[in-house]
There are 4 protein chains.
Amino acid sequence: MTSREKTANNKFSCTERERAIFEAGIKLATVYHQFVGTPVNIDTVKQLEDTISRTIEVQPYVECAEIKIDRDSFVSDGDTYSYVSLTGDMIDAKVVIALGDSRVTAEMRYDEDLEYPLMYVSKIE
Amino acid sequence: MTSREKTANNKFSCTERERAIFEAGIKLATVYHQFVGTPVNIDTVKQLEDTISRTIEVQPYVECAEIKIDRDSFVSDGDTYSYVSLTGDMIDAKVVIALGDSRVTAEMRYDEDLEYPLMYVSKIE
Amino acid sequence: MTSREKTANNKFSCTERERAIFEAGIKLATVYHQFVGTPVNIDTVKQLEDTISRTIEVQPYVECAEIKIDRDSFVSDGDTYSYVSLTGDMIDAKVVIALGDSRVTAEMRYDEDLEYPLMYVSKIE
Amino acid sequence: MTSREKTANNKFSCTERERAIFEAGIKLATVYHQFVGTPVNIDTVKQLEDTISRTIEVQPYVECAEIKIDRDSFVSDGDTYSYVSLTGDMIDAKVVIALGDSRVTAEMRYDEDLEYPLMYVSKIE
C-alpha cells in the first residue's frame, strides 16, 4: 500500500467491505452523470461503451467495468439528425470493486416496474 | 413504503446499512460529475451551491446535502474572462443518507496530502 | 475593452457579427451538455431554471439567457423515485449575445417535426 | 437534402455561412461541457481523444474533429490516485464544419496570455 492509500484509508469511518460498497456507488454515478447527454449513433456506440468502461477502470479499486448501451434507439440509415443523446435508461452497467478481502458487484439497469434506471448492489464476496 | 420502494429494495443483496453507504457514494459522485465544468463567478456562487444541494436532496434517501465552493479562485473586479469553471478541488460536500434505521454521513473534500478531492464515509449511526 | 479582450479578439478570423453568432452556439451547447442529466422535480425546477440562466450569463458577451423547463414530466405527489433526469427535450432556452454593434438571439427548442431539440439563430440585429 | 434538414433550415434567420459558424460554436462547447470531469490517465488518454473526436463527428455538419489532450499532467508509474480529471485547459480541439458552400474551422486552445481555454473561429472558406 502506498502512503497516499494509507492517508486515504485513515479518513474512512467504516469497514473495508463497507468502503468497497461506497466506491461501487461512486463508480455507477460517474457513468451516469459524466456520460448522459453524449451524442452517439450506431457507428460509435461500441467505441463509447469501451471508453466508458476504461474510464471507470481508471478510478480507484475497480477490478472491471462492463457497459452496454441499448441499440434499440438507433437507426442505421438515417439523416444528419438521426443520432441519439445518451440517456440513463439506455445504459446497462456492471462494476466490480476489489478492496482488501472484499469484492462488491454493483449494477445499473433500467427497471420496467420502477420506470427508473436503478443502481443496486448485486453481490458481495 | 410504496410498492416501487419495495421493488427497489428487493434488488439489493446487502443490508440496509450497506445500502445507505452505497447511496452516499452515488450522491457525492453526482455532485462531482454533473457539475464540474459549470461556469461560476463571485456573484453566482451562492446560488450554485444552493442549487447543487437541492438537486442532491431530490435523489432518494437524502436527509440533507451541504455544498461549499471555495471562493479563493474568484476575483471581484475582473473582466469578461474572469469567471471560473467549477473543479472538484473547489468543492466541499457533505451528504447525510437516512435509510430505515441507518444514517450515513459522507463527505468530499480536497485533501492536501493526497492532492485529490477524496470522497469518504465520515460517520455511520 | 481590456487587454485580455483585445488578445481574444485577435484570435478571431471573422467579423464581430459572426463572432456573436459563434458565441451564441457555445452558450446553447453549454446549457445542454452541462445540465442534461441533472436530477430535478416540481419543487426544484424553478431554482434550476434560474441557476442555468445565471450560469450562462456568467459567460462572455451574454446580454441575457432565459431557460424554461417543461413541467409535463413532473408529478406532484410521487414517491422517492418520482423525480426526473433533465433531458434536452424538456428545455426551452433563449440567449441574447451582444458584441460590439451586433446582437444575436439564438434558441433551443424541441421541434415536433424534427423530433429533435434544435438550436437555431432566430434574430440578428 | 432530407425533409428534416429542410425543416431545420427554415428555422434559421441567417446565411448558410453564419449557420456554419454557429454550428462550430455548438461543437466546441459540447467537447468542453460533456467531457470535462472525465477520469483519464496515460493508458486511456489516446482512446478518450478518439472517442471525443468521433462523438463530435456524430453531430450535424461536422467534416472532422481533432482532439488532443495534454500529457503533461500524467504520471506513468503512479498509485491508484494518480489519474486526472479532464479540464478544459488540457484540451486542444479543432472542428471543421461543412454546410453548403461554407467551410468553417474553429478551435479551442488554452491561451497563456488570457489564462483561459479560448474557443475561436480560425478560418472561413
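Naming: A, B, ... by sequence-line order, numbering from 1 per chain.
The CD atom of B:Glu23 lies 9.0 Å from the CE atom of A:Met119; values are rounded to the nearest 0.5 Å. Distance check: B:Tyr120 OH to A:Cys14 SG gives 12.0 Å after rounding to the nearest 0.5 Å. Rounding to the nearest 0.5 angstrom, the gap separating the CD atom in A:Gln34 from the NE2 atom in B:His33 is 6.0 Å.
Looking at A:Leu28, only its side chain comes within 4.5 Å of chain B, counting heavy atoms on both sides. Looking at A:Leu118, the atoms closer than 4.5 Å to chain B (heavy atoms on both sides) all sit in the side chain, from C-beta outward. Heavy atoms of B:Asp113 lying under 4.5 Å from chain A belong to its backbone as well as its side chain. No part of B:Phe35 comes within reach of chain A, as not one of its non-hydrogen atoms sits under 4.5 angstrom from that chain. When heavy atoms are compared at a cutoff of 4.5 Å, A:Lys11 approaches chain B by way of both its backbone and its side chain. Heavy atoms of B:Ile21 lying under 4.5 Å from chain A belong to its backbone as well as its side chain. Using a 4.5 Å cut-off between heavy atoms, B:Ala106 touches chain A through its side chain atoms alone.
The greatest number of non-hydrogen atom pairs below 4.5 Å with chain A, out of B:Ala29, B:Pro60, B:Gly37, B:Gly25, is found for B:Gly25. When each of A:Glu5, A:Glu107, A:Arg17, A:Arg19 is scored by its heavy-atom pairs under 4.5 Å with chain B, the top score falls to A:Arg17.
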Item to complete: Go through the steps for A:Glu18 and B:Ile124 under the test side chain to side chain contact (heavy atoms under 4.5 Å, CB included), then give the verdict.
Response: CA-CA 11 Å; A:Glu18 287 169 339; B:Ile124 305 182; 3.7 Å; yes
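Looking at heavy atoms from C-beta onward, B:Thr7 lies in side-chain contact with A:Asp111 at the 4.5 angstrom threshold. The closest side-chain heavy-atom distance from A:Thr30 to B:Tyr32 is not below 4.5 Å.
Other residues, nucleotides and ligands contribute more than 12 heavy atoms inside 6.0 Å of the CG atom of B:Asn10.
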